[in-house]
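Below you'll find the structure, written out as structure tokens, and then a few comments.
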Amino acid sequence: MPSARQTYDLVIAANRLPVDKVVTDSGESEWRRSPGGLVTAMESVMRSQPGAWVGWAGDTGEAPEPFDEDGIHLRPVPLSADEVRDYYEGFSNDTLWPIYHDVIVPASFHRDWWSSYQTVNQRFAEAVAEVAAEGARVWVQDYQLQLVPALVRKLRPDVRIGWFNHIPFPPVELFAQLPWRTQLLDGLLGADFLGFQRQADSRNFVRACRQLLGARTKRDLVTVEGSHRRVRAAAMPISVDFKGLEELAKQPDVMARAREIRASLGDPEVLMLGVDRLDYTKGIRHRLKAYEELLSEGRFGPPEVTLVQVATPSRERVDAYRILRGEVEQTVGRINGELGKIGAPAVHYLHHSYPREEMAALFQAADVMLVTPLRDGMNLVAKEYVTCRHDLGGALVLSEFTGAWHELHQAFACNPHDIEGLKQTILRAINTPAKDKQRIMRALRRRVADHDVQRWAARYLAALDAAPDVPRPSLVS
Ligand code: GDG
């Protein structure tokens, strides 16, 4: 176990540590690596240099002592129950999340939430400053930690600081609603390099700096008032661990499970699938509406066609999420009540979280994958689906309002607000000849294989090293 003084050349700061505490059958608790693209990506970059990860361990109150897990030094940051309520559920998920996702639901503004956000960001910055080696690279993740770049710079002017936004960055007209808009921009401008999912997001950020701070900007560079320091903001779309996930999907037991899932659903001609956190951004209600209309118009129905909707529990203490859950469950009940048959429900609704193997099997079992968000930074489910389809089967219906659509143009594109259009797209995804669908799937898979999460992390860090100078074109392609 390294001493508390040990420092690291690469430091990740994210709201959550990449581990979950689990209680084993024998009643003991242990840490288990939480699956996720970010962790896999970091493993690939930390293989050549040991790194540290600063984040919340998931329980309120005192934080566990720092520890090492699979070659990564984990530095837990404590959060009190009030801070989880105000910084996390409040400011992060009920103020910033709606503003950054087109205000699909109204945002709540509370000054005490903001105050908690500042306090927690300061705590993260101090933890980062403690574990970062001289001249280290510090990579801050996501909207919960937007003040951390400037706070770290103040404590440790020697380190290089990057920030990556996993969600969209809103147009200035929406961002300007935030009472703390200039503080958030100043916080981010503490970084050397800011990464976004789409070019539109980085452009929105640069425009916000120009219009709300009066900053000088030139293409993707923002000059920080008073310091002449330049910050670069560019698109760097995240991806999935293509090789690792494809390998999982090729395992015989996963493939057997896919067949078993289809059999247990009565071997439908068309199995449709939705997999989302139960979040209002994901367009679940719009998807259900289109599906319900197709059923009631007699275009198709169970048992020949059926829909499995996995809705992973999410943010259950935030009002908008409780309301959404009620609406979705009422709609599913209505669809099944009116349009289902004995032994053949029209929608199989699952409010659970599943192991990765089960997700890979579900992806393989599905003929049509419905990814219909109203707004989504990237949407990894879309990329995971095509990764799992090594058999070239299946069809991806993909909303134009996801970051993924900007890379996966060959997918069956939809505007989820246009219910009639969405219905037509679903029918097209079903009826397009298999050979054409295979050609599409091959192209989608090639894109994800060539732009996997390991490449994303490597490109990000190269851009961070090159900032603030405009990197060579190969870094921004
Ligand atoms: C944010 C941005 C951006 C879901 N249910 C289960 C499960 N999942 C996994 C999926 C996927 C991940 O969770 C969800 O990622 P998404 O990208 O779809 O969406 P967000 O959670 O909103 O993520 C998003 C992402 O950050 C990365 O930058 O793409 O736009 O909003 O990997 O497979 N995994 C398992 N069981 C489940 O039940 N094992």
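Excluded from the calculations below are hydrogen atoms, water molecules and symmetry mates; all remaining heavy atoms, backbone and side chain alike, are included. Whatever order the structure lists them in is the order used to number ligands and atoms, beginning at 1.
- When only interatomic distances are considered, the shortest N/O to N/O separation between Gly377 and ligand 1 falls below 3.5 Å.
- For Phe67 and Trp31, the ring centers are positioned less than 6.0 Å apart.
- Side-chain atoms of Asp276 and Gln309 include a donor-acceptor pair closer than 3.5 Å.
- Each of the following atoms of ligand 1 lies closer than 4.0 Å to a heavy atom of Val381: 10 (C), 18 (O).
- The option from Met359, Arg277, Glu358, Met378 that lies nearest to atom 34 (N) of ligand 1, judged by heavy atoms, is Met359.
- Every atom of ligand 1 is numbered from 1 in the order shown, and the set under 4.0 Å from a heavy atom of Ser353 is 36 (N), 37 (C), 38 (O).
- Here is the list of ligand 1 atoms found below 4.0 Å of a heavy atom in Lys282: 18 (O), 19 (O), 20 (P), 22 (O).
- Ion pair Asp452/Arg455 not flagged as a salt bridge, since none of the NZ, NE, NH1 or NH2 atoms sits closer than 4.0 Å to an Asp/Glu carboxylate oxygen.
- Both the backbone and the side chain of Leu380 come within 4.0 Å of ligand 1, counting heavy atoms alone.
- Of the possible polar contacts, one joining the Asn165 side chain to the Pro168 backbone as a donor-acceptor pair under 3.5 Å is found.
- Of the listed residues (Gln141, Glu357, His166), the one carrying the non-hydrogen atom nearest atom 28 (O) of ligand 1 is His166.
- When the shell of 6.0 Å around CD of Glu247 is examined, it contains 12 or fewer heavy atoms from other residues, nucleotides or ligands.
- Looking at Asp9 and Arg160, no side-chain N of the basic residue comes within less than 4.0 Å of a carboxylate O on the acidic one, giving no salt bridge.
- If you number the atoms of ligand 1 from 1 as listed, the ones under 4.0 Å from a heavy atom of Trp97 come out as 31 (O).
- Put simply, the side chain of Thr372 never gets that close to the backbone of Pro416: no donor and acceptor are under 3.5 Å apart.
- Near Gln197, meaning under 4.0 Å from one of its heavy atoms, ligand 1 places the atoms 3 (C), 28 (O).
- At least one N or O atom of Asp376, backbone or side chain, sits closer than 3.5 Å to an N or O atom of ligand 1.
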